[in-house]
Amino acid sequence: MGISLDGLASGLDTAALIKSLMQVEAIPQTMLKNRVTATQTMVSALQALNTRVADVAKLSATLAKPEALQKFTSVSSSNSVTVKTSDGAAAGSLELTVGQLAQQQVTVTGPLTEWDSSSFTLTSAGKDYSITAASASLDDVITAVNASEAGVKAVKFAVGDGTYRVQFTADASGAANSFSVAGTAVPLTQIRAAQDATVTLWAGSAAEQTVSSASNTFAGLMPGIDVSVSKTSSEPVTLTVQRDMAAAAKEASSLVESLNGLLNFISANSSVTIGTGGATSGMIFTGDSMVRSITQRLTDAAIRPVDGRSPSEIGISITREGKLDFDEEKFTKALNADPARVQSAFATLAKRVETVSSELSDKYSGDISSRIKGQETTITRLNDQILNWDRRLESREASLKRIYSALEVQLSNMNAQQSYLASQLASLPSTKEK
């Protein structure tokens, strides 16, 4: 029984064979690509972790300031007097009487069709300004006034018979911002004088004191307290500023919430899942020593004693599950009893958290940033190896194509020889047995 070269040639699928061989050749490159994908996943997870740690650093830096818990609320006995508190405020009360409100000067001309000249002088806030208009027309005069730095604005009003009155108004209120017009015979009437707002403290006593302001806001009337008035008063208005315990507790709890959010993120990405048959699989941070260290360092910063006293005394403690807990009632009680100590203890605690989280997330020298840079370097190196494999596989594929192309030629020649031999054998005389 002879071998059929035709059958061998027809059964040879060169393209499919080369493809299969190349898939085997590419196994090392595929492994490299899988490592790149896994490393990129780790980089993304580390970047997310770094962002959260940086957020904790930013918040704790704010809360470490002495005024972080100095939150106050104010009450006024009159709706016409309002209080705004800021850093440096302190609890206290004050009675005042509003004598007058601040106002801007307003001056109006008599009826005019045009100014009496194209130039005059505006004296505003004690300084002279030379006004030179393009012409004596009212529009040109108004344009020149409004373009000057005198701090006065002009506008005209039609009053009938083709005449106008020009109104001059100071930009700012207060007696210091009064103005006058000279160098003109145009009749002028002051409608409203510039004046300061005034309030009287301790009215009727030997300590009676009048305070003035160019505006209707008295900045820093008490430390960290701005008082705004909108109406005069004949009876004293009582202002009360007291510590806002709820706002202070909210500030303190925000640090605990921020840390717990970070710890929950780490926990979720460090969990282990047990599948069927007892097989286990971990998340991206499972078993990562650096991530475990981050958890330990931040937790320690938050619960380590301050001046020999546990943070649990001001309502900050750790649960059995390793999460932080904030007791608002306990914190408020401690703050009310000894504000200075609680503020100092909390500021120290926040500063410790800020120091640790800043060291971890610093974009130049932070532990997480350094780890990210290392992983990115690994990705670059692996990608270079993948490119080298591309060139190697391209050369190998070309070599295989040459080999199998030559093989196909040989098979074709062998098929031709087979056909020739078969035809020669067929032409020989046959012999029959007798």
> Is any NZ, NE, NH1 or NH2 atom of the basic residue among Arg297 and Glu359 found under 4.0 Å from an Asp or Glu carboxylate oxygen of the other?
Replying inline: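 Salt bridge: yes.
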>> Could you check whether Lys330 pairs with Asp325 (Lys NZ or Arg NE/NH1/NH2 to Asp/Glu carboxylate O, under 4.0 Å)?
In response: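 Judged by the 4.0 Å cut-off on N to carboxylate O distance, Lys330 and Asp325 do not form a salt bridge.
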Do you see a donor-acceptor pair shorter than 3.5 Å between the side chains of [X] and [Y]?
X	Y	result
Ser78	Ser80	yes
Ser233	Glu235	no
Thr217	Asp226	no
Asn383	Thr380	no
Thr378	Thr39	no

> What closest approach, in Å, do Ala154 and Val145 show between heavy atoms, and which atom pair accounts for it?
Replying inline: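 Looks like CB-CG1, 4.0 Å.
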>> Show the nearest heavy-atom pair for residues Asp140 and Ala133, with the distance to one decimal.
In response: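 The answer is O-CB, 3.6 Å.
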> Excluding sequence neighbours, so at least two apart, what forms ring pair (Phe, Tyr, Trp, His ring centres under 6.0 Å) with Tyr129?
Replying inline: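 Residues passing ring pair (Phe, Tyr, Trp, His ring centres under 6.0 Å) with Tyr129: none at all.
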> Who are the ring pair (Phe, Tyr, Trp, His ring centres under 6.0 Å) partners of Phe331, not counting sequence neighbours?
Replying inline: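 By the ring pair (Phe, Tyr, Trp, His ring centres under 6.0 Å) rule, Phe331 matches Phe326.
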>> Pair Lys333, Asp338 - check salt bridge (charged side-chain N to carboxylate O under 4.0 Å, His left out), show working.
In response: CA-CA 9 Å; Lys333 184 177 179 180; Asp338 193 347; over 6 Å; no
Under 3.5 Å, side chain of [X] to main-chain N/O of [Y], donor-acceptor pair present?
X	Y	value
Ser124	Ala150	yes
Ser76	Val81	yes
Ser205	Trp202	yes
Arg192	Gln103	no
Ser267	Leu263	no
Asn260	Leu324	yes
Thr286	Met283	yes
Thr377	Lys373	yes
Ser173	Ala214	yes
Arg165	Val108	no

> Checking salt bridge (charged side-chain N to carboxylate O under 4.0 Å, His left out) for the pair Arg371/Asp288: CA distance, chi angles, key distance, verdict?
Replying inline: CA-CA 12 Å; Arg371 177 77 174 278; Asp288 193 297; 2.6 Å; yes
>> Go through it in stages, so that I can follow the logic: the residues are Thr37 and Asn34, the test is side chain to side chain donor-acceptor pair (under 3.5 Å), and I'd like the CA-CA distance, side-chain angles, deciding distance and then a yes or no.
In response: CA-CA 5 Å; Thr37 299; Asn34 290 339; 5.3 Å; no
Is it the case that atom [atom1] in [X] sees more than 12 heavy atoms from other parts of the structure closer than 6.0 Å?
X	atom1	result
Met290	CE	yes
Lys156	NZ	yes
Gln23	CD	yes
Arg243	CZ	yes
Lys58	NZ	no

>> Under the criterion side-chain contact (heavy atoms from CB on, under 4.5 Å), I'd like the reasoning laid out for Thr85 against Val241: C-alpha separation, chi angles, the key distance, then a yes or no.
In response: CA-CA 8 Å; Thr85 61; Val241 179; 4.3 Å; yes
>> Determine whether Glu394 and Arg391 satisfy the following criterion, salt bridge (charged side-chain N to carboxylate O under 4.0 Å, His left out), listing intermediate values before the conclusion.
In response: CA-CA 5 Å; Glu394 183 179 352; Arg391 291 188 285 269; over 6 Å; no
> Name the one of Ile142, Leu112, Leu138 that satisfies side-chain contact (heavy atoms from CB on, under 4.5 Å) with Tyr164?
Replying inline: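 Exactly one candidate clears the test, Leu138.
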> Which residues satisfy the side-chain contact (heavy atoms from CB on, under 4.5 Å) test with Gln296, sequence neighbours excluded?
Replying inline: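 side-chain contact (heavy atoms from CB on, under 4.5 Å) check on Gln296 returns Asp300.
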